[in-house]
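Letters A, B, ... are given to chains in the order of the sequence lines, protein chains preceding strands, and every chain is numbered from 1.
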Amino acid sequence: MNETNGVVTAPVLSVDGLDVTYANGARAVRELSLALGDGECLALVGESGCGKTTVARALLGLLPRRTRVAGSVRIRGTEVVGASSRRLRRLRGTDVAYVAQDPYAACDPLRTVAHHVEEGWRAKGQRPPDGQVTARLAELGIEDAQHRSRLRPHQWSGGMLQRATIAGATVHGPALTVADEATSALDADLSDGVLAALRAASNALLLVSHDLALVAKHADRIAVMYHGRVVETGRTGDVIGAPRHPYTRALLLAAPRPGAGLPRELPGTPPSLADSLPGCSFAPRCAHSGDQCRELLPLLADGVACHAVERS
Amino acid sequence: MTAAPVLVARSARAGSQPVGVWASLLRHPSGRAGLAIAALLALVALVGPWLTADPNQTSYDTQLAPPSAEHLLGTDQAGRDQLARVVAGAQATLGAALTVFVLVGVIGVVVGMVAALAGGWVDSVISRIVDLLLGMPSLVLALAIVGTLGPSLRNVIIALTVSGWAYLARLARSHALGAHDRPDVIAARMAGVGRVRIAVGHVLPGVTVQVAIAATMELSAIILGLSALSFLGLGVQPPTAEWGQMLAESRFALTQMPTLALGPGLAVMLAVGAAVLISEALRDVVDPAWRRG
Amino acid sequence: MTGPVVEGSGLSVTYGQRGHVHHAVIDLTVAVHPGEIVGITGASGCGKSTTLRLLAGLEQPHAGTVRLGGADVWAGGRTPRPPRPGYVMPVFQDPVASLDRRWPIWRSVTEPLTVGRPRMSKQERMAAAREHLARLSLDHLDVRCLPTQLSGGQCQRVAIARALVAGPALVVADEPTASLDVTTAAGVTRVLREAADQGTALVIVSHDQDRLSVLADRILRMNRGRVVAEEVLRPLVHARRGTDE
C-alpha cells in the first residue's frame, strides 16, 4: 500500500477513521485510527462500555448485521470493512487470529484439547501435520503435551487451556492476533505467564483489556479509549510513566498499588455511547475542564486529545 | 457535584429505561398483533350479541342457507344465523378458556411455591402427584373426568383445570427452588427476613411472570381442548352456542354447505393465534429486557 | 464488646464420596475482631470461598466450631443461630444480581431495617435509604431507580449500603470488586475501608492481592484448603478499638 522505493511497507494493521454505530443507535467507535507493525504489541485499554471490544470485533469482521461501519480497516493491505463473508473467512486464521476471554467457553467440553488445536488446520481444509499439535503446545510451555492433549478441557487448568487455545489460533502464523481480555477469566497470578505466551506465539498483537497495569508489562504501545475515542496513545513507558490525559491519570490513580494509600476513585459514570456531547466526552468528570472542553471536541495531537494539555 | 449530569445522561439512555411488562408488550410487534386480536375478540364477545340476530332463533324455511347479505355466514341445520352463533359462542368459549387459564395459573403458582417452600414430605407428595398427572395424556384425563361428572360447561372447566395445572406447578416449583441461592435472597435471609416474606417479596413476582408466560402458551391448548370436548358433545349443551360444538355440527353438513365450518373455525384460529403471539412476545419481553436493561 | 466478632476453630469441610474425597478446608482457625479487615486470597479452588461461607454461618463445617459473638452458630443443629438477625451481612461479586431486579433500590437498602418492624411506611423507608446512601456518597441517586438503571459500581455500593444499614458486626464480601471497572472499584474499596473504620469487621475474599494489600489489616493466603501464610499489614486494630471506646 505505502510503496516507498518499490518496497511494500504495508503495516500489519491500519485502522483509519473507523466509526461503528450499532442498530440501537450506540456509536461505539468514533473516528478511531490505529496502526500496528510487525512484531509489535498494542494494548487497547479502557473501562467497560468504552468501545474497545467493538474495535476487536470490527477487525475480525464480526459485527452484527445492521451495524453501520465507516472508515477503513486493513490487515496486510486487505480491506475488512464491507468484505464478503467468504473473504473474511479466508482472512481468519491465516491473517488474523482471535483469542477469546474464557477458554472453557471457547472449547467444546466433549472434545479433546488436541482436537481444538487441530481445528486450526481443519478450518482451512488441511490435515494437521504429524507431531505439530504436541510441538505447538510444548512451545507454549505445556509439559507432557503428548499425554495432556488427549484430555478434555475441564481436566486442564485455565491458564494451560488458554495457552492451548492460543496455540490453536496461531497455527498458521497469522500476521495479527487479537486478544479480548484474554486473561480476565483466569486467576490473577497466571495472567502474566499467559500474556507472555501470547506475545511469543503472535506476530503483531492487539491486547484489548481493562487492566492498564497488567498490559503495561507486555505491550510496546498503549492506546487509552474513552467513549469510543482514543484519548491518549504512546509508548508504554511514556503513558505509564508520564500520563498526560486526565483520564489516563485517573485510571492509574484508581489502581491499587502496594505501599500506597487507598486507590483514588473517579466520580461519575461514562456517558452512554448513544449520546454525543458537543465537546470532550470526559469533561463532565474532569477536574481540569474549562468552557472550551465542553464546547469543542479535542483532537488527537501528539498522542493526546485534551484541551488542558494543549493549553499548558 | 460533577457526577449528577453524567448520571442523568446514563439513565436517560434509550432502551435502558425499564418499562412495565405491558408497555414492552405493546412495543413488541407480535405482542401488539396478539393484543389487537385479543381486544377484537373481547369486543366481539362483549358487544357483539347486541348487534347480531338472536343466535337461538330457529327458522325451518332457511336451513343451511349459503352466505348472503342477510346471513353473512349462512345458516345452520336449524336455520339459525351462523354469524350470530359465532358471536354468541365467543362468550362461552373465551370465557371458559380464560377461567381455566386463571385457575391453572393460580393453582400452579400456589402449589409449586408451597412445594418448594415447605420441602420435605410435603414437597415429595406434591411432586409425586404432579408426576402422576403429567404421566397421563391430559385430554384423556379430561375426558375421563367429564365422563364421570357428566357433560356440562362447568364440568369441562373442572376437567381441563385438573388436567392442566400440574405442568405449571412443576415450573413454579423449579423457579422457586432456583431462587433459594440468589444473592438477594441470601442477603434477605442473613438479614433475618422471614421465609414467608422472602417468598412473597423476592420469589413470587418472578415465579408469577414465568408461570404467566407458560400459561399463556397453554391458553391455545386450553381453547383447543375446550373445543375438542365440546366437539365430542361433552361441553355446553344445546342450544347454547360454542365454537367447538358448532364445528362438530357443521361436520354433518360438510358436503352440502362447507362454508358453515368457516365461522367457528376461523374464530378458534384467531383466538389460538392471539394466545400464541402474546405468549411469544411475553417470553421475549420478560427475559432479555429484564436481564440486560 | 471486646471479644472477636467471629472465631472459627479447627474448621474442616470435605466434599465427595466413594473414595473420591476433596478436602475444601482443612483444620482452619481464624478470629476476626471489630473494625478489622481480614483478606483471604489464593488460587481458585483453594477453599477461600468455602471459608467465607463458614465464617458467615452459611455452611456447616464437618469438623470444628464457628462462634459468632462468642456463641456457637451451629449449636442448634442444622439451622444457624447468629446472635441476632443481620449480625453477619454479605456482599457479592455480581453487583447487579445481588439486588432484586424488580425492586427500586430504596426497598433493597432498607430491607434489613424492616426485620422486626414490618410496619415501616414507604416514606420512612425512602428517607432511611437516602440517608444511608448519602453516607456512601450516593446522595445523588434517585432511590426509586431499579438496579438495571445503575452502573455496576453504583449497584455494588447500594448492596454495601444494604449490608451496613442495620449495623452488622461482620460483613463478608466475596470478590466485591472483581466485576467492576478499576475507577469504580476504587470507590467500593474506600467504602469498605470506611465501614471498618466505624467498627464493622470485614472478611474479604479476593484474588486481587494489590487491592487487599492496601485495604486489609491482615491477609491470609490459602492453598489446598489450608492457610499457608499470614501477613499482618496494620497491627493497629487494637489501638483503633481503644479510641472507639
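In this structure the side chain of C/Leu215 never reaches within 4.5 angstrom of the side chain of A/Pro256, judged on heavy atoms.
Separation of atoms CZ (C/Arg211) and CZ (A/Arg257) is listed at 12.0 Å; rounding is to 0.5 Å. One distance of note links CZ of C/Arg190 with CG of A/Leu262; it measures 9.0 Å at 0.5 Å rounding.
Looking at A/Leu251, A/Leu252, A/Leu212 one by one, the single match for side-chain contact (heavy atoms from CB on, under 4.5 Å) with C/Val182 turns out to be A/Leu251.
For A/Ala255, the parts lying near chain C are the backbone and the side chain together; criterion is any non-hydrogen pair under 4.5 Å.
Atom CZ of C/Arg224 has 12 or fewer heavy atoms from other residues, nucleotides or ligands within 6.0 Å.
For the residue pair A/Ala254 and C/Ala186, the shortest heavy atom distance occurs at O-CB, 3.8 Å.
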Side chain to side chain contact (heavy atoms under 4.5 Å, CB included), that's the test. Do C/Thr183 and A/Arg285 meet it? Break it down for me.
CA-CA 12 Å; C/Thr183 50; A/Arg285 299 170 83 185; 4.3 Å; yes
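For the pair C/Asp181 (side chain) and A/Glu47 (backbone), a donor-acceptor distance under 3.5 Å is absent.
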